[in-house]
Amino acid sequence: MSEDKLPTRAEDFSEWYNQLVVKADLADYAPVRGCMVVKPYGWALWENITAWLDKEFKATGHVNAAFPTLIPMSFFEKEKEHVEGFAPELAVVTHGGGNELEEPLVVRPTSETIIGHMYAKWIKSWRDLPILIVQWGSVLRWEMRTKLFLRTSEFYWHEGHTAHATSEEAKEEMYRILDIYEDFCLSQAALPIIKGTKSETERFAGAQITTSIEAMMWDKRALQSGTSHYFGQNFAKAFEIQYLDNANTLQFCETTSWAISSRIIGAMIMVHGDDQGLVLPPRLAPTQAVIVPIFKSPEEKNKVMDVAERIFKELKAAGIRIKMDDRDNVSSGFKFNDWEMRGVPVRIEIGPKDVEKQSVALARRDRPGREGKTFVPQTGLDSALNLLLSEIQDSLLKRATEYRDANIHDPKDYEELKKVVQDGWAFSYWCESTECETKAKEDAKATTRNIPFEQPGHDGNCIVCGKTSKRKVYFARAY
RNA sequence: CGGGGCGUGGCGCAGUCCGGCUAGCGCGCUUGCUUUGGGAGCAAGAGGUCGGAGGUUCGAAUCCUCUCGCCCCGACCA
């Protein structure tokens with residue numbers, strides 16, 4: 001069954017990814033161009049992601065609400081940059097109930113406009129501020145080239161939309177959210193990320209400041225994994241979001257928006273996955289450990305299953321997301337490979353020998369083969385397993401961080417920059433001019449990812465033009 | 001939108017150039033028996049308007065015309 005194997009990442013990373021997403025049972029291709037079906041296993045993973053974020057947003061004073069999928073076309077025309085940014089990828093509804101509509105409706109590609117419209121209606125006084133709303137849902141963008149999770153026409157996300165009295169407050173909100181995103185990536189997804197500010201050309205359509213978290217995939221390309229925007233008064237002016245301050249003066253609000261999408265699943269796949277398949281961080285894995293019972297004769301089966309079921313109950317009671325693989329139509333060897341493909345962090349093998357010795361075999365997913373296999377006693381298995389899960393979580397982040405750091409270069413000159421970005425990132429001074437940015441993009445296909453908040457603290461020379469520059473930026477080929 | 005390729009059981013394909021009998025193969029699926037510590041074996045089954053429409057012909061998966069859809073490579077984005 002060699003066709004059941006994935007191509008290795010080195011052979012064909014793109015094909016490895018495409019096959020993995022389907023074989024790991026995360027998603028399937030939908031009968032609609034560019035769209036995906038998120039399968040139960042993939043959705044369970046998404047639910048673990050959303051649950052953590054939702055809890056964190058609520059803890060910082062945000063509330064959830066829902067706005068319509070359909071937005072009047074005219075709303076998009078109110079903010080010039082916004083409409084220019086999104087016009088090419090809008091899906092438009094022109095008919096309803098069998099008749100042509102008077103005004104076409106746009107299927108939301110993002111909700112700044114309709115939420116701005118509502119905020120204008122709701123906000124009257126400084127006492128109404130801040131307003132901190134999160135919407136969980138999906139949006140639609142007519143994409144040219146799609147890839148499951150990374151870029152599909154419809155994708156799932158949360159979009160936070162906030163309105164504030166002052167620009168300081170709004171900017172604080174933007175940074176606060178970026179910190180939550182960072183915390184999520186480090187503590188849950190085991191993704192090392194870099195926080196920073198986007199260049200003018202990479203900025204969100206209509207934003208004054210766009211910040212992002214950027215992650216390095218296995219193929220060393222960059223993936224924007226979350227964004228947080230400060231709009232200043234752009235949308236407030238377009239939608240007349242105004243309030244009376246405590247001196248009875250009419251003021252425009254300052255607004256923000258921010259998002260992490262189902263794309264983050266693609267990031268986890270491309271950062272942690274290996275040639276056997278998916279590798280999921282234990283904190284987010286829908287199944288943290290799977291029990292594979294092994295037996296030959298019916299007598300053996302009885303003995304093994306007694307122990308396996310007892311252990312299953314114990315671990316479940318201990319709060320571990322555990323699964324029993326009692327399928328009798330596939331061999332245990334098949335099951336090993338199957339669960340490795342699905343990225344389950346730990347496999348618990350229980351066979352006649354283990355029943356005899358009152359032990360089990362633990363195989364950790366992040367270290368395939370014999371190296372990752374240990375035999376432990378059945379007593380105290382829950383704490384041993386919890387310890388192992390936490391070790392795996394830490395080890396994934398450590399490994400990904402080392403890999404990223406080893407592939408970030410500090411080129412001496414522009415020639416070297418062009419070379420290093422073919423297989424890594426460059427961290428270089430940049431004069432922040434669009435000319436130099438465009439030149440790098442044309443010469444090396446590398447774009448500026450972000451200007452990180454952490455800087456050396458002294459000036460340097462722009463890697464492209466040599467001019468004295470204040471800050472360094474990451475250049476990389478990006479998804 | 002430009003270039004390249006493909007539509008044949010659930011999936012992957014052969015057959016198409018050069019028309020010919022009941023359209024094959026692998027995987028998967030179903031049932032049974034033997035198996036099970038790293039992707040099991042045997043046997044018997046189920047499953048197809050050959051993307052669609054029209055045409056040529058005694059006869060079309062195969063030839064002609066039109067059409068629909070998808071995938072891959074180049075200009076956008078979370």
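Everything numeric in this text was worked out from a predicted model, so none of it was measured. By convention in this document, chain letters (A, B, ...) are assigned in the order of the sequence lines, proteins followed by strands, and residues within each chain are numbered from 1.
- In a base pair of the Watson-Crick type (N1 to N3 plus N6-O4 or O6-N4) or a G-U wobble (N1-O2 and O6-N3), with each distance short of 3.5 Å, B/U22 is matched with no nucleotide.
- Going from the P atom of B/A44 to that of B/G26 covers 13 Å, rounded to whole Å.
- Nucleotides B/G12 and B/G28 are separated by 10 Å at their C1' atoms, to the nearest Å.
- Taking atom C1' on both nucleotides, B/G9 is separated from B/G45 by 14 Å, rounded to a whole Å.
- Both tests do not hold together for A/Arg347 against A/Trp339: distance to the six-membered ring centre under 6.0 Å, angle to the ring axis within 45°.
- Separating the NZ atom of A/Lys357 from the P atom of B/G37 is a distance of 16 Å, rounded to the nearest angstrom.
- Without hydrogens or angle criteria, A/Lys198 side chain to A/Arg449 main chain gives a donor-acceptor distance under 3.5 Å.
- Here, B/C50 and B/U16 have their C1' atoms 11 Å apart, quoted to the whole Å.
- When the C1' atom is used for both B/A40 and B/C27, the distance is 15 Å, rounded to whole Å.
- Between the side chain of A/Arg399 and the main chain of A/Asp366, a donor-acceptor pair closer than 3.5 Å is present.
- Remark: ring of A/Phe155 stacked against base of B/A78; centroid gap under 5.5 Å, plane tilt under 30°.
- Proximity of A/Ser331 to the phosphate of B/A40: a side-chain N or O atom is located under 4.0 Å from OP1 or OP2.
- The side chain of A/Arg145 lies closest to B/G74 when the candidates are B/G74, B/G38, B/U36.
- Using the Watson-Crick or G-U wobble rule with both distances under 3.5 Å, B/G38 pairs with nothing in any strand shown.
- Base-pair partner of B/C63: B/G55 (Watson-Crick or G-U wobble, both distances under 3.5 Å).
- Atom CD1 in A/Ile350 sits roughly 13 Å away from atom C1' in B/G37 (whole-Å rounding).
- Protein atom OH of A/Tyr29 is 12 Å distant from nucleotide atom C1' of B/C72, rounded to whole Å.
- Using Watson-Crick or G-U wobble geometry with both donor-acceptor distances under 3.5 Å, B/C27 finds its partner in B/G10.
- Nucleic acid contact for A/Gln224: sugar-phosphate only, since backbone atoms but no base atoms lie under 4.0 Å from a heavy atom of the residue.
- If you check every strand for non-hydrogen atoms under 4.0 Å, A/Lys373 touches a base.
- Side-chain atoms of A/Lys353 lie closest to B/G37 of the nucleotides B/G37, B/C77, B/G38.
- At a threshold of 4.0 angstrom between heavy atoms, the contacts of A/Ile260 with the nucleic acid are absent.
- Taking atom P in both B/A14 and B/U36, one finds a spacing of 38 Å when rounded to whole Å.
- With C1' as the reference atom, B/G19 and B/A61 are 10 Å apart, rounded to whole Å.
- Residue contacts shown for A/Arg347 include a base, since a base heavy atom lies under 4.0 Å away.
- When the nearest nucleotides of RNA chain B are assigned to A/Lys296 and A/Thr152 by heavy-atom distance, the more 5′-ward of the two goes with A/Lys296.
- Remark: P of B/U34 and NZ of A/Lys301 are 13 Å apart, rounded to the nearest angstrom.
- Here A/Phe149 and A/Phe155 keep their ring centres 6.0 angstrom or further from each other.
- Judged purely by distance below 3.5 Å, without hydrogens or angles, the side chains of A/Ser257 and A/His161 never pair a donor atom with an acceptor atom.
- Listed nucleotides: B/G39, B/G37, B/A78. Nearest to the side chain of A/Phe204: B/A78.
- Using a 3.5 Å distance cut-off with no hydrogens or angles, the side chains of A/Arg203 and A/Gln208 do not pair a donor with an acceptor.
- Rounded to an integer number of Å, the gap from CH2 of A/Trp157 to C1' of B/C77 is 11 Å.
- Counting to the nearest Å, the P atom of B/G74 and the NZ atom of A/Lys441 are 13 Å from each other.
- A/Glu15 places its CD atom 10 Å from the C1' atom of B/C72, with the value rounded to the nearest Å.
- Aromatic rings of A/Phe204 and A/His82 (six-membered ring for Trp) have centroids within the 6.0 Å cut-off, being under it.
- Between B/C25 and B/G48, the distance separating the two P atoms is 16 Å to the nearest Å.
- A/Leu6 places its CG atom 17 Å from the P atom of B/G39, with the value rounded to the nearest Å.
- No donor-acceptor pair under 3.5 Å is formed between the side chain of A/Glu11 and the backbone N or O of A/Pro7.
- Using a 4.0 Å heavy-atom criterion, one finds that A/Pro352 contacts the bases of the nucleic acid, with or without backbone contacts as well.
- In terms of position on RNA chain B, the residue among A/Asp338 and A/Arg263 whose nearest nucleotide sits closer to the 5' end is A/Asp338.
- Nucleotide B/G2: paired with B/C73 (Watson-Crick or G-U wobble, both distances less than 3.5 Å).
- Distances shown here put every side-chain N or O of A/Arg141 at or beyond 4.0 Å from the OP1 or OP2 atom of B/C76.
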